[in-house]
Amino acid sequence: MTSSGPEPAPPRRTRRADASRNATLLLAAARELVAESGPEVALDEVARRAGVGNATLYRHFPTRTDLLVAVYADEVAELCHRGADPPTDLSPADALFSWLDAFVVHVATKRPLALAATEGSTGRRSALFDQWHSSIRATASDLLRRAQDAGAVRPGLTVTDLLALAGGAALTGTDVAHARRLTALLRCGLETGD
């Protein structure tokens with residue numbers, strides 16, 4: 001005899017696995033579409049390409065800002081990893097400026113995405129964006145401290161100064177090569193020369 005009652009709900013672990021898979025699909029689709037069309041891509045198209053419904057998209061990423069910040073979260077993690085584990089053959093100053101060069105390239109190449117992810121009518125930044133900013137700041141701070149401890153970089157320089165200068169080079173450079181050149185010039189002004 002068969003029951004005509006409702007099917008039992010799937011186990012909780014299955015729902016979690018589905019949610020994780022959906023988030024992965026959404027991010028992959030968003031990365032592709034942002035690379036193709038820029039940050040103004042239609043959110044409906046992201047859901048369509050991921051093969052999920054709009055409700056699933058909004059459950060994972062309630063706002064466009066949340067989605068755009070998440071699109072390059074993996075790249076930020078890689079950038080931070082690069083700073084946390086620089087090649088052992090680099091001096092503290094070389095490790096700092098090698099990472100700063102990678103940071104500038106990242107910002108310069110992701111300019112439209114970065115601006116779209118941080119600008120909004122309310123000025124609100126997502127928790128993920130705050131986490132990203134904190135990670136970048138912590139990485140830069142650690143590299144700067146090591147370079148200062150080695151006497152290679154001016155002692156009065158703060159991480160806020162450093163990131164403002166590097167961000168300025170990234171955002172005002174005419175292209176990536178120019179932004180990198182500005183960063184190299186910045187190094188000349190920040191090193192102690194000892």
Side-chain angles (χ1 to χ4, degrees), residues 6-84 99-140 163-164 166-180 182-183:
E7 293 274 329
R12 175 171 248 148
R13 285 183 1 179
T14 301
R15 285 186 291 209
R16 286 185 186 152
D18 286 346
S20 177
R21 180 183 57 82
N22 288 341
T24 299
L25 290 170
L26 285 162
L27 283 173
R31 279 187 193 99
E32 289 172 7
L33 287 164
V34 166
E36 292 169 14
S37 308
E40 294 305 317
V41 65
L43 296 182
D44 291 348
E45 181 59 27
V46 172
R48 235 184 330 276
R49 185 167 294 185
V52 302
N54 286 355
T56 300
L57 169 69
Y58 290 110
R59 192 168 35 254
H60 288 283
F61 305 104
T63 68
R64 174 181 294 279
T65 297
D66 293 329
L67 179 63
L68 294 177
V69 170
V71 163
Y72 65 112
D74 288 343
E75 293 175 30
V76 170
E78 175 58 32
L79 183 66
C80 290
H81 175 73
R82 182 177 178 171
W99 179 85
L100 207 58
D101 180 71
F103 169 76
V104 166
V105 169
H106 173 82
V107 173
T109 58
K110 300 297 180 185
R111 181 183 302 183
L113 182 57
L115 293 175
T118 59
E119 291 179 345
S121 59
T122 65
R124 186 184 77 80
R125 290 185 172 171
S126 71
L128 186 55
F129 178 83
D130 290 340
Q131 181 182 11
W132 170 80
H133 187 261
S134 294
S135 296
I136 291 285
R137 189 175 177 83
T139 300
L163 291 176
L171 294 174
T172 60
T174 56
D175 56 26
V176 174
H178 186 228
R180 293 181 81 188
L182 292 174
T183 305

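Rounding to the nearest 0.5 angstrom, the gap separating the CG atom in Asn22 from the CG atom in Leu57 is 10.5 Å.
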Check the pair Leu79, Thr139 against side-chain contact (heavy atoms from CB on, under 4.5 Å), reporting the backbone distance first and the verdict last. CA-CA 9 Å; Leu79 183 66; Thr139 300; over 6 Å; no

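In this structure a side-chain-to-backbone donor-acceptor pair under 3.5 Å is missing from Arg82 to Phe103. Under a 3.5 Å cut-off, the side chain of Ser37 and the backbone N or O of Val34 do not form any donor-acceptor pair. Under a 3.5 Å cut-off, the side chain of Arg64 and the backbone N or O of Pro39 do form a donor-acceptor pair.
Residue Ala70 comes nearest to Phe61 through the heavy atom pair CB-CE2, 3.5 Å, listed as atom of the first residue, atom of the second, then distance. Of all the heavy atoms in Ile136 and Cys80, the pair that sits closest is N-SG, 3.8 Å. The two residues Leu67 and Leu27 make their nearest non-hydrogen contact at CD1-CD2, 4.4 Å. Closest heavy-atom contact between Leu26 and Val46: O-CG1, 3.8 Å. The shortest non-hydrogen separation linking Arg31 to Val71 is NE-O, 2.8 Å. Across every non-hydrogen atom of Asp101 and Arg180, the tightest pair is OD2-NH2, 2.7 Å.
Asn54 places none of its side-chain heavy atoms less than 4.5 Å from the side chain of Leu43.
Side-chain contact, Arg21 with Thr24: no donor N or O sits under 3.5 Å from an acceptor N or O.
Scored by the salt bridge (Lys or Arg N to Asp or Glu O under 4.0 Å) test, Arg49 finds Glu32, Glu36 as partners (sequence neighbours excluded).
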